[in-house]
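Read the numbers this way: they start at 1 and go in the same order the structure lists the ligands and their atoms.
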Amino acid sequence: MSFTLHGIAVSSGIAIGHAHLVSHTSLEVAHYALPKHLVPEELMRFDAALEATRSELAGLHDNRPLYAAAEFDAFLDLHLMILADEHISKTPRTMIEHEQCNAEWALKVQMDELVTQFEAFEDVYLRERKTDVVQVVERILKKLTGQPGHTPPAAKHEESMILVAHDVSPADLIQLKPHQFAAILTDLGGATSHTAIIARGLNTPCVVGLHRARQLMRENDLLIVDGGQGVVIVNPDKQILAEYKLRQDQWQLERRKLKRLKSTRANTLDGTAIELHANIELPHDLADVKENGATGIGLFRSEFLFLNRDNLPDEEEQFEAYRTVTEGMEGLPVTIRTFDLGADKQLKGATRVASNPALGLRAIRLCLAEPQLFRTQLRALLRASAFGNVKILVPMLSGISEINQTLQLIAAAKQSLDDEGIKYNNAVPIGGMIEIPAAALALNVFTKKLDFLSIGTNDLIQYTLAIDRTDEEVAHLYDPLHPAVLHLLANIIGSANKARIPIAVCGEMAGELAYTRLLLGFGLRQFSMHPAQLLGTKQRVLTTSLPEITTLTQKILRADDPMKIRELLDRLNA
Ligand code: PEP
Ligand code: MG
């Protein structure tokens, strides 16, 4: 039966392929039957994986992060307890014996059942413990896959597979980077959640907030995904399929044409130079940055170096990552954001679930609460500054006290390098992200104390409109064109320009073609976006005349009716 699902459009492009449903965990689990004589061997494999996991967890006690020793111990004890529980250690064994299936599958089925039970708990704390169950099972699964097992059925071609998940965390999705799924679909998520941002970075069509896609689809269903419209057609008929194949060809042709703009300067029709920088998550994104002709890196989300691992990157490892990117950019600016951990980007093993993670100990607040951790990063960043054009960007600053504390910690890190005779650029520019309304409304102190600013529209909109950017239930209320947002943006850009302090936008709005002219009209001259969006934005800049858009942008700013604002925006983009 053919049917259509509508979700939130995250990453454009048309994909045609077969559904590959993944479970709660990002790990793919094969399911295959075993001949009876191999069952005892499979049981031994399962027991060995449990034992290996147990010793790994015990070993982690010695390796715990200094900043959270007590919490880390509690988390290890909890995980050891889950591991020993018969639901994990015995029930899958019974299933292997009775159903003659592989150990991974038995474990996954049991995990899914436990997760469903945990989700039904009224108590928030207990409900959240499902994450611990999943983490323990992931550990065992890794041990199982690390051992010689029975060969699962041959893998399908990823290029024609469409990943369908209930939810994927940003940390999980970054691990999918080397893979080549034709598209990514999730039941949960909002357009500017970090998961969506990473999906955009994979340059793969993506639709989130589909609610029940994983329930409604079956493995191997034929799917058409229109990432730009947020539409998924399941088991389309021949005519629809032919039409989308045509659209897919056209879209690919457009992308190829855009490639020709790679070395063209991004000047408006009236000759104003616009800087188009790239956002990256990890050093290996550098290839994309180069391929799309970015004139700098406007946002290196350094926290991704901290995810998907049991330990923390030390100063040397961080320094190498920052230096690689800095040298790779050959003198062009490289803006490295100090880690923005917390909220939806949690360190592995973090056990405390804040009641409002987006309003909790996140980004600079976490850095100031854990100065040792911050110092390590600052030293690594400063050391990298000796190798090129590094700028340090601080996320989530809300006011003068945080700015002063941050500047003091940077001074202290410089002093420690001086004491050891280590080189760095003493004039390394320090910038602040404007992503909290308080910062936008009290901008003076930012323009006085910092060297540059960058607007994080994703969070600025989230906090201005009180909309959780990761929650698909309220995603329809997340509106970059809300008059309050537009006024904040116009004021921040105007004030920064007046104070002659460089200002960029590095949130998702910067890479959305619908907003390019609007932001130019507000006075923005520096955009930072995902590499895949750069050439499209450049094309829009090349066809824009600044004197011609001024009147319309001012009209948009004066309008308060959403319909009128959209109508004016359409005229601006016509
Ligand atoms: C933002 O908030 O707009 C931003 C660029 O930072 P992040 O998306 O990583 O929170
Ligand atoms: Mg942000």
Side-chain angles (χ1 to χ4, degrees), residues 10-11 169-171 173-174 189-201 206 208 276-282 285 294 296-307 335-346 356-367 391-398 402 431-440 446 452-471 475 478-480 482 485-486 488-489 492-493 503-512 515 519 524 526-531 533-534 537:
V10 160
S11 178
S169 72
L173 201 52
I174 204 108
T192 60
S193 63
H194 284 100
T195 301
I197 291 170
I198 308 293
R200 224 166 266 142
C206 174
V208 301
L276 298 182
H277 290 181
N279 293 353
I280 64 167
E281 277 86 42
L282 289 169
D285 295 333
I297 288 175
L299 175 65
F300 177 175
R301 289 183 163 98
S302 71
E303 60 275 12
F304 280 87
L305 295 171
F306 292 67
L307 303 180
T335 312
I336 308 176
R337 175 170 79 181
T338 57
F339 61 80
D340 180 359
L341 289 165
D344 58 344
K345 288 172 292 191
Q346 295 285 352
N356 266 315
L359 302 181
L361 202 58
R362 182 191 159 185
I364 189 62
R365 301 168 184 185
L366 180 63
C367 292
K391 297 171 172 205
I392 299 177
L393 179 62
V394 185
M396 291 274 295
L397 286 167
S398 65
E402 282 169 352
M433 288 194 70
I434 305 299
E435 45 187 355
I436 299 181
F446 286 77
F452 68 98
L453 303 176
S454 189
I455 309 177
T457 48
N458 307 334
D459 278 315
L460 186 63
I461 298 170
Q462 153 164 274
Y463 296 128
T464 303
L465 302 181
I467 303 295
D468 181 344
R469 62 193 264 200
T470 65
D471 186 351
Y478 187 96
D479 182 11
H482 190 294
V485 174
L486 296 183
L488 277 180
L489 288 174
I492 301 166
I493 297 167
I503 175 98
V505 169
C506 64
E508 295 305 287
M509 265 185 100
E512 289 203 31
Y515 308 128
L519 292 171
L524 190 74
Q526 190 182 313
F527 296 65
S528 192
M529 66 201 73
H530 196 275
Q533 298 166 319
L534 263 156
T537 307

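- Ile197 places a side-chain heavy atom less than 4.5 Å from the side chain of Glu281.
- Minimum heavy-atom separation, Thr335 to Leu393: CG2-CB, 3.7 Å.
- Residue Cys506 approaches ligand 1 through these ligand atoms, each under 4.0 Å from one of its heavy atoms: 5 (C).
- The nearest protein atom to atom 6 (O) of ligand 1, hydrogens excluded, is given as Arg337 NH1, 3.0 Å; this is a heavy-atom distance.
- Contact analysis puts Arg362 in contact with ligand 1, with a non-hydrogen atom separation below 4.0 angstrom.
- Atom numbering of ligand 1 starts at 1 in the shown order; those under 4.0 Å from a heavy atom of Ile197 are 8 (O).
- Of the options Leu299, Val394, Asn279, a side chain to side chain contact (heavy atoms under 4.5 Å, CB included) to Arg337 is made by Leu299 and by none of the others.
- Within the listing of ligand 1, atoms 1 (C), 2 (O), 3 (O), 10 (O) sit less than 4.0 angstrom from a heavy atom of Asp459.
- Taking a cut-off of under 4.0 Å to the non-hydrogen atoms of Arg469, the atoms of ligand 1 that pass are 2 (O), 7 (P), 8 (O), 10 (O).
- Each of the atoms 5 (C) of ligand 1 lies under 4.0 Å from some heavy atom of Leu299.
- Looking at Ser193, its side chain never comes within 3.5 Å of a backbone N or O of Arg469 through a donor-acceptor pair.
- Contacts between Asn279 and ligand 1, counted as non-hydrogen atom pairs separated by less than 4.0 Å, are absent for every part of the residue.
- Contact detail for Met529 and Gly511: the closest heavy-atom pair is CB-CA, 3.7 Å.
- When distances from the Mg ion (ligand 2) to the N, O or S atoms of Asp459 are compared, OD2 comes out shortest.
- Of the protein's non-hydrogen atoms, His194 NE2, 3.1 Å is the one closest to atom 7 (P) of ligand 1.
- Here the side chains of Leu341 and Leu307 are in contact, with some heavy-atom distance below 4.5 Å.
- We find that Arg301 and Asp340 are not joined by a salt bridge, their nearest charged nitrogen and carboxylate oxygen being 4.0 Å or further apart.
- Among the backbone and side-chain atoms of Glu435, an N/O/S atom is found under 2.8 Å from the Mg ion (ligand 2).
- Any N or O atom pair closer than 3.5 Å counts here, and Glu303 shares no such pair with ligand 1.
- Using 4.0 Å as the threshold, Met433 has a heavy atom nearer than that to some atom of ligand 1.
- Across Tyr463 and Pro437, no two heavy atoms sit closer than the pair CB-CD, 3.5 Å.
- Distance alone, capped at 3.5 Å, is enough to place a donor-acceptor pair between the Tyr478 side chain and the Asn458 backbone.
- With contacts defined as side-chain heavy-atom distances shorter than 4.5 Å, the pair Tyr515/Val505 does not qualify.
- Ligand 1 lies nowhere less than 4.0 angstrom from a heavy atom belonging to Met509.
- In summary, the atoms of ligand 1 found under 4.0 Å from a heavy atom of Arg301, numbered by their order in the structure, are 4 (C), 5 (C), 6 (O), 7 (P), 8 (O), 9 (O).
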